[in-house]
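Each remark here refers to the structure printed beneath this line.
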Amino acid sequence: MDALVGRRTRHHGDLDLWIEVAADGEARGGEALRSLGYDVTVPRAPSGHRFPFRSVLRDSRGRTVDLIFVTCLDASPTEEDVPKLGIDDCSTGQLVVEGRSVKVPCLSPSFQLALHTGYNPQEDDRQDVAVLCETFGLPTPPAYSQAQPPRSAGKGAHDCAWEILGRMRGISAVVVLVPEADDILDAVGSSASGGMPAHVTVLYPFVPPRRIRQSHCEQLEAIAARTAPFTLELAELDHFELITVLTLNPEEPLRRLTTAVVDSWPEHPPYGDDELDVPPHLTLGYDVLPAEIATRPNHSCRSSPRSTGWC
């Protein structure tokens with residue numbers, strides 16, 4: 001959508017590329033991305049009711065591309081269940097690459113607006129639709145004329161986590177590292193943590209990095225010293241809205257740890273909202289269906305704030 005309107009409108013977690021499946025387009029597209037350092041992490045996954053199939057590719061920096069499979073109306077032969085795109089569904093946008101304006105093909109304004117209907121819109125969807133309607137003079141769909149529902153714990157965690165990715169230099173967090181789970185993140189190709197190793201968030205956002213002093217570190221060390229070592233089990237694959245996680249058992253040690261840190265810095269409530277109750281969890285991915293995540297048997301590990309580390 002940003003290419004269509006010719007400017008960046010918000011942070012995006014991935015790039016969606018529609019690719020013609022005729023003439024071996026899927027294989028050729030994958031090969032082109034592999035030459036740029038991308039590997040397939042989710043092959044032929046479900047991709048919603050309008051575009052049933054996609055592949056997810058990620059590079060070593062956690063950047064993500066979704067290859068969404070389509071068939072052009074004049075393509076022959078067509079692939080069963082792969083939707084067709086006509087000339088009226090397509091348009092032209094522009095990107096600025098190394099200072100140069102480059103024209104790129106993209107979906108038409110009306111088609112993109114249609115893609116945002118048929119489900120309960122989230123905050124990002126509402127922002128996208130507002131931009132589309134304002135830029136191209138389109139009528140606002142009925143679902144977007146209604147009042148936005150209260151923000152949930154899942155959505156709050158998702159929004160704040162993506163803000164971490166977009167503003168890593170300006171935001172800090174207190175986390176417990178879980179090195180025993182690094183292989184799980186590797187197995188599922190997760191980019192959710194922005195390159196960080198496997199971890200459980202104790203408090204985000206924390207003090208802005210430029211304001212962190214030795215006294216903050218000493219206070220965190222004191223809290224860690226008062227915290228007895230505890231055992232965590234990565235219990236079940238779960239999700240709330242757009243975030244796919246591994247739940248923790250028991251939750252209470254992490255909740256006590258968060259309470260202790262928040263008591264010392266009450267101006268930094270968890271996820272920036274006193275009303276949210278986000279269960280402790282280890283994040284695997286955003287906007288990825290749980291069925292797409294490779295699961296393993298329950299995985300137990302010992303974690304101690306004294307030895308595991310703080311960020």
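Just so it is clear, the values below take in all heavy atoms, side chains as well, and ignore hydrogens, waters and symmetry mates. Here, residue 1 is the first one in the sequence, and each next residue gets the next number.
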Closest non-hydrogen atoms of L203 and P269, given as atom of the first, atom of the second and distance, are CD1-C, 4.0 Å
Is the shortest side-chain heavy-atom distance between V178 and V200 below 4.5 Å?
yes
If only side-chain N and O atoms count, and only distance matters, is there a donor-acceptor pair under 3.5 Å linking T247 with E236?
no
Here the gap from T201 atom OG1 to L257 atom CG, rounded to the nearest 0.5 Å, amounts to 11.5 Å
Side-chain touch R10/D128, heavy atoms, less than 4.5 angstrom: yes
Test item: V65 and L17 side chains (from C-beta on) under 4.5 Å apart, heavy atoms = yes
Inset, instruction - Step by step, work out the side chain to side chain contact (heavy atoms under 4.5 Å, CB included) result for R255 and E252. - result: CA-CA 5 Å; R255 289 187 178 275; E252 191 55 34; 4.3 Å; yes
Is the number of heavy atoms from other residues, nucleotides or ligands under 6.0 Å of E134 CD greater than 12? no
Partner of V202 under side chain to side chain contact (heavy atoms under 4.5 Å, CB included), picked from T259, V175, L254, is L254
Side chain of D2, backbone of T9: donor and acceptor closer than 3.5 Å? yes
Anything under 30° is parallel, anything over 60° is perpendicular, the rest tilted; go ahead and classify H268 against F206. tilted
_Modelled atom types, side-chain donor and acceptor of S108 and D89, under 3.5 Å_ = no
Heavy atoms of V56 and D66 approach each other most closely as CG2-OD1, 3.6 Å
Are P105 and T92 close enough that some pair of their side-chain heavy atoms sits under 4.5 Å apart? no
Correct closest heavy-atom pair for S110 and L138 would be N-CD1, 4.3 Å
Discussion item. Check whether H216 reaches the backbone of Q214 with its side chain - one donor and one acceptor, N or O, closer than 3.5 Å.
Written reply: no
dist M1:CE -> D124:CG (nearest 0.5 Å) comes out at 9.5 Å
inquiry  = What I'd like to find out is whether the side chain of L132 reaches to under 4.5 Å of the side chain of Q112, using heavy atoms alone.
reply    = yes
All heavy atoms of P139 vs all of C133, minimum pair found to be O-SG, 3.7 Å
Between the CG atom in L232 and the CD atom in E251, the distance rounded to the nearest 0.5 Å is 10.5 Å
Here the ring pair (Phe, Tyr, Trp, His ring centres under 6.0 Å) pairs for residues 13-43, sequence neighbours left out, are W18-F51
Less than 4.0 angstrom from a charged side-chain N to a carboxylate O is my criterion; do R28 and E31 meet it?
no
For this session: Find out whether V261 and R256 are in side-chain contact, i.e. whether some heavy atom of one side chain is under 4.5 Å from a heavy atom of the other.
Result: no
Output for pair (S172 OG, I212 CD1), nearest 0.5 Å, gives 4.0 Å
Task: Derivation of the side chain to side chain contact (heavy atoms under 4.5 Å, CB included) call for V174 and Y204 - done: CA-CA 7 Å; V174 179; Y204 168 82; over 6 Å; no
Rounded to the nearest 0.5 angstrom, the CG-CD distance for D182 and E180 is 8.5 Å
Nearest heavy-atom contact between V104 and Q94 is CG2-N, 4.1 Å
For D59, the salt bridge (charged side-chain N to carboxylate O under 4.0 Å, His left out) test, sequence neighbours excluded, returns R63
Report yes if some heavy atom in the side chain of T135 is under 4.5 Å from a heavy atom in the side chain of P109; otherwise report no.
-> no
Output for pair (F111 CZ, S91 OG), nearest 0.5 Å, gives 12.5 Å
Quiz item: Does the side chain to side chain contact (heavy atoms under 4.5 Å, CB included) test come out yes or no for T71 and E20, once each step is laid out?
Solution: CA-CA 5 Å; T71 299; E20 166 65 68; 4.0 Å; yes
Taking every heavy atom of L67 against every heavy atom of G29, the minimum-distance pair comes out as CD1-C, 4.1 Å
Where the side chain of H116 meets the backbone of A114, is there a donor-acceptor pair that is under 3.5 Å apart? no
- Task: For residues L107 and L4, determine if any side-chain heavy atom of one lies less than 4.5 Å from a side-chain heavy atom of the other.
- Result: no
- Item | Audit row: V129, L113, side chain to side chain contact (heavy atoms under 4.5 Å, CB included) steps and yes/no | CA-CA 7 Å; V129 166; L113 188 63; 3.9 Å; yes
